[in-house]
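Scroll down for the structure; my scribbles are underneath it.
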Amino acid sequence: MRIIVDTPENIARLAAKRYVALLKEKPNAVLGYATGSTPLGLYGELARLNAAGEVSFADAVTFNLDEYVGLDGTHDQSYRWFMDKNLFDRIDIKKENTHVPCGIGMTDEKAAGYDRQIEAAGGIDLQLLGIGNNGHIGFNEPGTPFGSVTHVVELTESTRQANARFFASIDEVPTAAVSMGIKTVMNARSIIFIALGSAKAEIVKKMICGEVTPEVPASVLQLHPDVEVYIDHAAAALL
Ligand code: PGA
């Protein structure tokens, strides 16, 4: 685990450089993307670099971590919508090469097909991750087995509360999601992890310095051979 502590602006720039380097070396790289507020700086930087002609996503393939169950891609809180608006519509990627799990009619059986799609594409070269206040990666809530593949997840109350800010009320926050499993994430060849802000300081400490346990899903990253952890000074405050 390589830990980089910097400002949010520099983190966006440094992380973006990884994409530029990877896509130069492997234009058809398979990229694992994440949603939430954390990657927005990085996505802005990737869009800027793409517009400046410094990187092309024309042959890249992407797989997103997760999606809410019950929201289709036209819902403005769906992760398909988020990705189109914040990244895919701003870069030269082919929409048909972008994958976000389907939130409608999803079952565990169908969800596992997502892992097969990832494998068929050659596996994920670079997976981006944020972290929930309870240590979740993707929507893998505490207690998710490390051997899990893409599956349907019942969201915890703390995750629904944390995400309620994006909905008119907590009642509108979906109660379930479909998420890559921990094993799916760990199969990525390289991982970029980003955590920003003081609200993440405690969980970042547990993830980096604590016991490797399903109770802190992100702690599994201690076992991955190629993880870059980007944290701002506020999130690094307890290290
Ligand atoms: P955030 O969410 O980027 O909005 O903090 C991260 C997560 O819950 O994984």
Side-chain angles (χ1 to χ4, degrees), residues 6-9 11-12 15-16 31-46 62-69 71 76-83 85-87 100-101 103 124 126-144 148 150-151 153-167 170 172-182 184-186 188 191-208 214-221 224 227-238:
D6 213 320
T7 62
E9 295 73 24
I11 286 172
L31 308 172
Y33 277 133
T35 52
S37 47
T38 306
L40 288 174
L42 168 63
Y43 291 166
E45 185 63 7
L46 291 177
T62 72
F63 287 90
N64 260 76
L65 279 171
D66 47 18
E67 178 61 281
Y68 285 117
V69 165
L71 303 191
D76 67 2
Q77 290 307 324
S78 73
Y79 288 166
R80 160 54 73 183
W81 178 281
F82 176 101
M83 289 307 299
K85 183 162 102 19
N86 291 301
L87 188 63
V100 179
I124 292 173
L126 184 58
Q127 175 67 53
L128 178 64
L129 294 177
I131 187 169
N133 295 337
N134 62 3
H136 72 205
I137 46 176
F139 270 130
N140 292 291
E141 302 285 29
T144 307
S148 55
T150 305
H151 60 296
V153 182
E154 203 177 305
L155 298 179
T156 61
E157 207 42 42
S158 92
T159 294
R160 293 185 69 239
Q161 294 280 1
N163 291 1
R165 66 191 194 276
F166 301 115
F167 292 83
I170 179 89
E172 289 185 21
V173 182
T175 54
V178 52
S179 177
M180 280 187 198
I182 303 271
T184 319
V185 169
M186 290 294 278
I191 293 175
I192 287 184
F193 169 98
I194 305 179
L196 307 173
S198 57
K200 301 286 170 71
E202 206 163 304
I203 196 67
V204 161
K205 183 180 178 193
K206 280 192 191 160
M207 167 191 128
I208 295 174
E215 292 314 310
V216 181
S219 66
V220 75
L221 299 177
H224 194 283
V227 186
E228 275 183 354
V229 172
Y230 291 90
I231 39 184
D232 68 358
H233 297 95
L238 301 178

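Counting starts at 1 for both ligands and their atoms, in listed order.
- Here the closest non-hydrogen pair linking Ile170 and Ala164 is CD1-CB, 4.0 Å.
- Geometrically, ligand 1 and Thr35 share no nitrogen or oxygen pair separated by less than 3.5 Å.
- Of all atoms in ligand 1, listed by their number and element, those nearer than 4.0 Å to a heavy atom of Gly36 are 3 (O), 4 (O).
- Nearest protein neighbour of atom 9 (O) of ligand 1, counting heavy atoms only, is His136 NE2, 3.4 Å.
- Contacts between Ile131 and ligand 1, counted as non-hydrogen atom pairs separated by less than 4.0 Å, involve the backbone only.
- Closest to atom 3 (O) of ligand 1, if we only count protein heavy atoms, is Thr38 OG1, 2.5 Å.
- Of the candidates Val227, Leu221, Ile137, Met186 forms a side chain to side chain contact (heavy atoms under 4.5 Å, CB included) with just one, namely Leu221.
- When Ser37, Ala34, Gly132 are checked for heavy-atom proximity to atom 4 (O) of ligand 1, Ser37 turns out nearest.
- The nearest heavy-atom contact from the protein to atom 5 (O) of ligand 1 is Lys200 NZ, 2.6 Å.
- The aromatic ring centroids of Tyr68 and Phe167 lie less than 6.0 Å from each other.
- Under the 4.0 Å criterion applied to side-chain N and carboxylate O atoms, Glu202 and Lys205 are not assigned as salt-bridge partners.
- Ligand-side atoms of ligand 1 in range of Arg165: 4 (O), range being under 4.0 angstrom from any heavy atom.
- Looking at Thr38 and Lys200, their side chains come closer than 4.5 Å, going by heavy atoms from C-beta outward.
- Glu154 CD: 12 or fewer foreign heavy atoms inside a 6.0 Å radius.
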